[in-house]
A.B. asks: 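There's a structure below that I have some questions on.
Quick caveat, the model's predicted, so the values are computed rather than measured.
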Amino acid sequence: AKQLGERCCGYLTSPSKLSIPLYYSSVTVAPLEEYKKKCKQWDSDLPVSSPLSHHPALIVCSTTGNGDPPENASSFCPIHEAQNNNCIEAVGKGGLFRVFCGTAKLIDQKMVECGAVRAMPLSCADEATGLEEAVEPWLDVVVETIGRFVLNIGVDEEEEQGRNEEKKSDEITEKSQEVLKNVANKSLPASTAPATSVSSPPSSLSPGVVLARSLLSDFCDVDQTVEIIPDIPDDLLPTITSVSSAAILINTVEALKRKEQSYADGNHVETNSEASNDASHYHYGRPFHSSVLDARYLTSTSTAGLEDSASAVFEATKHDQGKEGNEVLLPSSTAASAASSLSAVHSHILDDPIRSRRVLEISLSLPTDFSMEVQPGDAIGVSVPNRPEVVNVALSAMSSSTNDAVVLLDPSDSSIDTMSLHKLLEYHLDLTHGSIKHKRVLASLACLATSLDAKVLRLLASKDPAGEFLYQRLVIEQAWDVVDLLANFPSITWDVSSLVAVFPKAVPRYYSVTSSPLVTPDRVTVAASIVDFKTEILTGTQAGGMVRRGLATGRLEVLALPFLMEKEVPASYCGPTIRIFPQATEGEQEFHLPSDASERNLILVGPGTGVAPFVGFLRHLRASRKLADAQNAPAPNGSVDLYFGCRSPTHDWLYRQEMEEFKADGTLTRLRTAFSRTNPDHKEYVQHLIAQDGERIASLLTKGALVYICGDGNHMARDVQSCLTGCLVEHGAMTEEVAIEYITKMKHNGTFLLDIW
């Protein structure tokens, strides 16, 4: 939501993007909770001399997984103050929850009730199915539409155009749906763009063009003498905008001058190597270089065949530990070889719905001064580099020499430090499938390619039915990344400004803490589900059939290899380092244990890796109880009910031994487990167990129990919440409406907490 707001602000400050006069005296971008402080003009009448009919306001908001407003809108939503001279436009982002885009719909409704006038209907986007299809068309028109409304310029014509655009969008959507239906029947409908005759001999074509022709001709049964790749008009492409600040290439001497000037101006920001050892300020921009201290599979996963790779990782780093906080890198050749071995060893089980699941627990060192303490319920952010082969391929596409080149991410800001081009590509840009799957990126890359390469890239980025088909078959099903794009379309070249403008910034990965500082103050432990899968072999081509590995979990698994073997690792070995930083849950809804947790009734629901924070909770509760026992404190009166689910009790019952120990020593009051694949005729999930315990659950809820839910937000969290509501209806003498309101109040009171994704 914040990024969309900033993009809209960029449109408003670029008069060239508007065909109407600038209709504002200033542009304010602020969180909704700060509207009273930063948007005081909303509460005042427009001057008589103003050309505007209304105060323009553009609201972009998300909806949390449980249907509540985001944290920075919590104080705005209950109030909904508006004056009769306001004009609004809103877009909502949400998921598949009880109230889809509920916050946006509520704000839209209340603003109108208070007298505001809609300049455009509310637009809703679903993050679960992709935001691009809804957001990009909205961005194309929203700023100018509001301007025309408040300036009374061609409102009627604009409304007619909007209706035409909506009709056109519906037609495109219907065609896309027709494509997906016809793919199964191998009959692709005619493209919306005209075909032309073939102009290039096959020998001169790039692999991507050949592949696109092969796939399209196979499904369309078109004569190969006809050029099947259509010309795509601009109106079928997403809007191309920069996602980052500007960047330039400068030489080393100029870089040093800029850094000296930054010091002289007092604007210099410390880099990792220059920073002091005060670790209390570790964050994404300044991570701690943590060493791998231990690791194990939480699933029944064999390590046979990985002995040589584990030894190679161990030997490559065992003599290079250095000072705490210094980065210890694993040689790229060793990392690539180990990743290849892992793919080969596990490839035969990737089609098995049970054995393919691998979950890794990994222990990471913390600063010895304990200044980066994390609590159960927090998450650890992990910043992982792009793979060396990806970086090298991206460098090879540079249009100019890169020797001694230094990148300045924002030439207008001397406080931003310079960095090498290699570092930019390694840590700061997302070159994975996660960025390539965005059609805006594909459309931008088409501008950097030539001839038929550009034509195919435009097709992949378009709403044309043929493009939708190719996009699904190549970009999505084959999980293309930058290496795949450049291999298939070698005419793509870029400079550093293009790189920064096209590719999104790299994002860290977050993993729930499973440890307690009362038990292991020198380390933090996290659990991660390994991401790897096979791509489909494309019929009639040589493409597909590859094993794809997740960037972050794939690297964690490689670094953990020496600890995953049965052979004992020397206690002095710390392993390669990885960049981490704490990500505490903050605000009124923090996902932490209360200070009086031992006196409270806790209901913990965490299937799969959703159980990770609850293992940390239980370790913390047991350690706290031991401390209390040592001080002869009264026995705790609280209870802990844990609901855990997985596929198989013999393969992916994570932390089984620990759970049984927690139950045996009284840390857990009740342990309830559901296994979804043991009975082929009946899949049992955690919500089924909660329903079976309905009377107990209703009693606990009405007596003030704390509910924690962690895991899948699209289905599990919604189903569990619905089940808890049902328990209150059936066993708590409530109507459904009262039960829903009761759960809602629990959320507002901080006694119903979710950590979902």
A.B. asks: So, taking the atom named CG in L364 and the one named OG in S515, what distance separates them when rounded to the nearest 0.5 Å?
C.D. replies: 9.5 Å

A.B. asks: Within the side chain of S214, is there an N or O that forms a donor-acceptor pair under 3.5 Å with the backbone of V210?
C.D. replies: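 A pair under 3.5 Å: no.
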
A.B. asks: Does any N or O in the side chain of H651 come within less than 3.5 Å of the main-chain N or O of R357, such that one atom is a donor and the other an acceptor?
C.D. replies: yes

A.B. asks: First locate atom NE2 of H433, then atom NE2 of H438, and finally report the distance between them rounded to the nearest 0.5 Å.
C.D. replies: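 One gets 9.0 Å once the value is rounded to the nearest 0.5 Å.
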
A.B. asks: Determine, stepwise, if the pair W653 / T673 fulfils side-chain contact (heavy atoms from CB on, under 4.5 Å).
C.D. replies: CA-CA 9 Å; W653 184 345; T673 53; 3.6 Å; yes

A.B. asks: Just so I know, are the side chains of L215 and L474 near enough to count as touching, which here means a heavy-atom distance under 4.5 Å?
C.D. replies: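 When only atoms from C-beta onward are counted, L474 and L215 do touch, with a gap below 4.5 Å.
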
A.B. asks: Fit a plane to each ring of F314 and Y573, take the angle between them on a 0 to 90° scale, and name the class: parallel (under 30°), tilted (30 to 60°) or perpendicular (over 60°).
C.D. replies: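 Geometry flag for Y573 against F314: tilted rings.
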
A.B. asks: Between the side chain of S383 and the main-chain N/O of P508, is any donor-acceptor distance below 3.5 Å?
C.D. replies: no

A.B. asks: Provide the closest heavy-atom pair for F675 versus S648 in the form atom of the first, atom of the second, distance.
C.D. replies: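 Result for this residue pair: CD2-C, 4.0 Å.
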
A.B. asks: Counting only N and O atoms by type, is there a donor-acceptor contact under 3.5 Å from the side chain of S337 to the main-chain atoms of S333?
C.D. replies: no

A.B. asks: Any side-chain heavy atom of F617 within less than 4.5 Å of one from F591?
C.D. replies: yes

A.B. asks: For residues T609 and L298, determine if any side-chain heavy atom of one lies less than 4.5 Å from a side-chain heavy atom of the other.
C.D. replies: no

A.B. asks: Run the side-chain contact (heavy atoms from CB on, under 4.5 Å) test on Y511 and V524 for me, step by step, so that the C-alpha distance in whole Å, both residues' side-chain angles and the decisive distance to 0.1 Å come before the verdict.
C.D. replies: CA-CA 11 Å; Y511 302 100; V524 62; over 6 Å; no

A.B. asks: Over all heavy atoms of both residues, which pair between Y282 and R286 is shortest? Give the atoms and the distance, please.
C.D. replies: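 Minimum heavy-atom contact is CD2-O, 3.3 Å.
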
A.B. asks: Are I476 and Y471 side-chain neighbours, meaning at least one heavy-atom pair lies under 4.5 Å?
C.D. replies: yes

A.B. asks: Is it the case that the side chains of H620 and S516 hold a donor-acceptor pair, with the cut-off being a distance below 3.5 Å and no angle test?
C.D. replies: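 Yes, H620 and S516 have a side-chain donor paired with an acceptor closer than 3.5 Å.
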
A.B. asks: If you count the non-hydrogen atoms of other residues, nucleotides and ligands that lie under 6.0 Å from CG in N392, is the total more than 12?
C.D. replies: yes

A.B. asks: Kindly compute the distance separating CG (L293) from OG (S363), expressed to the nearest 0.5 Å.
C.D. replies: 6.5 Å

A.B. asks: Checking side-chain contact (heavy atoms from CB on, under 4.5 Å) for the pair R619/T520: CA distance, chi angles, key distance, verdict?
C.D. replies: CA-CA 10 Å; R619 287 171 171 169; T520 54; over 6 Å; no

A.B. asks: With a 3.5 Å distance limit and no angle check, can you tell me whether S435 reaches the backbone of P504 through a side-chain donor-acceptor pair?
C.D. replies: no

A.B. asks: Indicate whether any N or O donor in one side chain lies under 3.5 Å from an N or O acceptor in the other, for Y297 and E557.
C.D. replies: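 Side-chain D/A pair, Y297 to E557: present.
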
A.B. asks: Say you draw a straight line from OG1 of T553 to CZ of R509; how long is it, rounded to the nearest 0.5 Å?
C.D. replies: 9.0 Å

A.B. asks: Do NZ/NE/NH1/NH2 and the carboxylate oxygens of D484 and R548 come within less than 4.0 Å?
C.D. replies: yes

A.B. asks: Taking D378 for the side chain and P582 for the main chain, is one N or O donor matched with an acceptor at less than 3.5 Å?
C.D. replies: no

A.B. asks: Could you report the tightest heavy-atom contact between S343 and R549, atom names first, then the distance?
C.D. replies: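 Shortest heavy-atom separation between S343 and R549 comes out as OG-CD, 3.1 Å.
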
A.B. asks: Is a side-chain donor-acceptor pair under 3.5 Å present for D495 with S498?
C.D. replies: yes

A.B. asks: If you take all heavy atoms of A560 and I362, which pair is closest and at what distance?
C.D. replies: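 Nearest pair, atom of A560 first, then I362: CB-CD1, 4.2 Å.
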
A.B. asks: Within the 4.5 Å heavy-atom criterion, are V513 and P376 side-chain neighbours or not?
C.D. replies: no

A.B. asks: Donor-acceptor pair, T525 side chain versus T514 backbone, under 3.5 Å?
C.D. replies: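 No: the side chain of T525 does not pair with the backbone of T514.
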
A.B. asks: Specify the closest pair of heavy atoms between G305 and V345, including all atoms of both residues, with the distance to one decimal.
C.D. replies: O-CG2, 3.9 Å

A.B. asks: Distance-only, no hydrogens or angles: does the R555 side chain make a donor-acceptor pair with backbone N or O of N386 under 3.5 Å?
C.D. replies: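 Checked: no pair found.
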
A.B. asks: May I ask you to test the Q478-M546 pair for a side-chain heavy-atom distance under 4.5 Å?
C.D. replies: no

A.B. asks: Where do I436 and V475 come nearest, in terms of heavy atoms and distance?
C.D. replies: O-CG1, 4.0 Å

A.B. asks: Does the distance from a Lys or Arg side-chain N to an Asp or Glu carboxylate O, for R579 and E426, drop under 4.0 Å?
C.D. replies: no

A.B. asks: Measuring from atom NE2 of H428 to atom NZ of K505, what distance do you get when rounded to the nearest 0.5 angstrom?
C.D. replies: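 If I round to the nearest 0.5 Å, the distance is 10.0 Å.
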
A.B. asks: Does a side-chain heavy-atom distance below 4.5 Å link V611 with M659?
C.D. replies: yes

A.B. asks: Is the closest side-chain heavy-atom distance between L306 and L564 below 4.5 Å?
C.D. replies: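 No, every pair of side-chain atoms sits at 4.5 Å or beyond.
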
A.B. asks: Rounded to the nearest 0.5 Å, what's the gap from CG on L211 to CZ on F489? Could you check?
C.D. replies: 7.5 Å

A.B. asks: Between T493 and L448, does a side-chain contact (heavy atoms from CB on, under 4.5 Å) hold up when you go through it step by step?
C.D. replies: CA-CA 6 Å; T493 59; L448 305 177; 5.7 Å; no

